[in-house]
Undergrad: 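Structure provided below as structure tokens; questions to follow.
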Amino acid sequence: MENKASSETALDHQIAQRLRQLRQDRGWSLDELARQSGVSRATLSRLENAEVSPTAQVLSRLCTAHGLTLSRLMQLVEDEVAALVPRSSQSLWTDPDSGYQRRIVSPPAPALAGEVLEASLPPGTRIAYDAPPRPGLEHHLVLLDGALSVTVDGRTHPLRPGDCLRFQLRGPNAYETPPDAGARYLLFLV
């Protein structure tokens, strides 16, 4: 049985290979990708060589530069997507800086428009994104446990368990938990 550390290392290497391939497919140098994404050339080099684990912020910027959702990137990292995705087979990614976890419950597939993610944020965590990976991307967020505030289009929405926030991303957005409570939620992307 593979342990968690070796599984995460393998995923980091797969992400590194895919990021390099995406850049090369566009014919971009590291300098050009740095200009497109706002991520330093040095960081891009370290990511592509799997010397560091990417953070949510960095992956968001790279996905935006490539016009991909994070889930689509992760789907490209894995070889194939089956109709049934047992929990034990679902990709789990952890942001090394914040502890934010993102499980790809229903990975994107070429013939299907939607995808489902399960995410959890530790107490006192703020994750902010500069831009959507694709303008107008439709989201349906259902808070399962905890407390969460989501800021979209400059408006902050405090959520309680069972609440659903529906929105289309067109600009910066942020997810924040209070100091005394984390959050676990489902995110449906269409």
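Given the structure is predicted, the values throughout are model-derived calculations rather than measurements.
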Undergrad: May I have the step-by-step check of side-chain contact (heavy atoms from CB on, under 4.5 Å) for Leu47 and Val58, ending in yes or no?
TA: CA-CA 10 Å; Leu47 286 171; Val58 168; 3.4 Å; yes
Undergrad: Could you tell me which non-hydrogen atom of Pro123 sits nearest to which non-hydrogen atom of Pro179, and how far apart they are?
TA: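 In terms of heavy atoms, the two residues are closest at CB-O, 3.4 Å.
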Undergrad: For a quick test of reading the model, state the closest non-hydrogen atom pair linking Gly182 to Thr177 and the distance between them.
TA: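 Heavy atoms of Gly182 and Thr177 come nearest at C-CG2, 3.9 Å.
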Undergrad: In Å, rounded to the nearest 0.5 Å, how long is the span from CD of Gln57 to CG of Asp95?
TA: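 Nearest 0.5 Å value for the CD-CG distance: 9.5 Å.
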Undergrad: Phe188, Leu148: one ILVMFWY side-chain cluster at the under-4.5 Å cut-off?
TA: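 Shared cluster, no.
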Undergrad: Test your reading of the model: is there a side-chain donor-acceptor pair from Gln90 to the backbone of Val85, 3.5 Å cut-off?
TA: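 Pair found, side chain donor or acceptor close to backbone of Val85.
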Undergrad: How far apart are the closest heavy atoms of Ser40 and Ala34, and which atoms are they?
TA: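 Minimum heavy-atom contact is C-CB, 4.2 Å.
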Undergrad: Regarding Arg103 and Gln101, do their side chains bring together a donor and an acceptor under 3.5 Å, going by distance alone?
TA: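 Looking only at side-chain atoms, Gln101 and Arg103 do not form any donor-acceptor pair under 3.5 Å.
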Undergrad: Are Val105 and Trp93 connected in a single hydrophobic cluster, I mean Ile/Leu/Val/Met/Phe/Trp/Tyr linked by side-chain heavy atoms less than 4.5 Å apart?
TA: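 In one cluster: no.
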Undergrad: Are any of the side-chain nitrogens in Arg23 or Glu48 under 4.0 Å away from the carboxylate oxygens of its partner?
TA: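 A salt bridge links Arg23 with Glu48.
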Undergrad: To the nearest 0.5 Å, how far apart are CG in Leu144 and CG in Leu159?
TA: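 Atom-to-atom, Leu144:CG and Leu159:CG are 11.5 Å apart.
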Undergrad: Rounded to the nearest 0.5 Å, how far does CG of Leu73 lie from OG of Ser60?
TA: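 So the OG of Ser60 and the CG of Leu73 are separated by 11.0 Å.
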Undergrad: Looking at Thr64 and Pro132, what are the two nearest heavy atoms and their distance?
TA: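 For Thr64 versus Pro132, the nearest heavy atoms are OG1-O, 3.5 Å.
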Undergrad: Will you find, in the side chains of Gln17 and Gln21, an N or O donor that is under 3.5 Å from an N or O acceptor?
TA: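 The answer is no; no qualifying pair exists.
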Undergrad: What distance do Arg41 atom CZ and Leu33 atom CG have between them, rounded to the nearest 0.5 Å?
TA: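 These two atoms lie 10.5 Å from each other.
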Undergrad: Below 30° counts as parallel, above 60° as perpendicular, anything between as tilted: where do the rings of Tyr185 and Tyr175 land?
TA: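 Rings of Tyr185 and Tyr175: parallel, as their planes differ by under 30°.
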Undergrad: To the closest 0.5 Å, what do you measure between CG (Leu117) and CD1 (Ile104)?
TA: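 Taking CG in Leu117 and CD1 in Ile104, the distance rounds to 6.5 Å.
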Undergrad: Restricting to side-chain hydrogen bond (donor to acceptor under 3.5 Å, both in side chains), what partner residues turn up for Arg46, sequence neighbours left out?
TA: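 If we apply the side-chain hydrogen bond (donor to acceptor under 3.5 Å, both in side chains) test to Arg46, skipping adjacent residues, there are no hits.
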Undergrad: Looking at every non-hydrogen atom in both residues, tell me the closest pair between Ala147 and Leu143 and how far apart they are.
TA: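 Nearest heavy atoms, Ala147 then Leu143: CA-CD2, 4.3 Å.
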Undergrad: Would you name the heavy atoms of Pro158 and Asp163 that are closest together and state the gap between them?
TA: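 It is O-OD2, 4.3 Å.
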Undergrad: First locate atom CG of Leu22, then atom CG of Leu62, and finally report the distance between them rounded to the nearest 0.5 Å.
TA: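 It is 9.0 Å, given to the nearest 0.5 Å.
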Undergrad: Treating Ile, Leu, Val, Met, Phe, Trp and Tyr as nodes and any side-chain heavy-atom pair under 4.5 angstrom as an edge, say whether Leu68 and Val190 lie in one connected cluster.
TA: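 Different clusters: Leu68 never reaches Val190 through Ile, Leu, Val, Met, Phe, Trp or Tyr contacts under 4.5 Å.
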Undergrad: Please say yes or no: joined through hydrophobic side-chain contacts below 4.5 Å, possibly via intermediate residues, are Val142 and Leu165 part of one cluster?
TA: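 The answer is no; the residues belong to distinct hydrophobic clusters.
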Undergrad: Going by ring-ring contact (aromatic ring centres under 6.0 Å, His included), name the pairs with one or both residues in residues 116-154, residues two or more places apart or in two chains.
TA: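 Those involving residues 116-154 are His139-Phe167.
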Undergrad: Mind checking what makes ring-ring contact (aromatic ring centres under 6.0 Å, His included) contact with Trp28, not counting sequence neighbours?
TA: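 Applying ring-ring contact (aromatic ring centres under 6.0 Å, His included) to Trp28 gives His66.
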Undergrad: Is it the case that the side chain of Arg61 and the backbone of Gly38 share a donor-acceptor pair, with hydrogens and angles ignored and the cut-off at 3.5 Å?
TA: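 At least one qualifying donor-acceptor pair exists.
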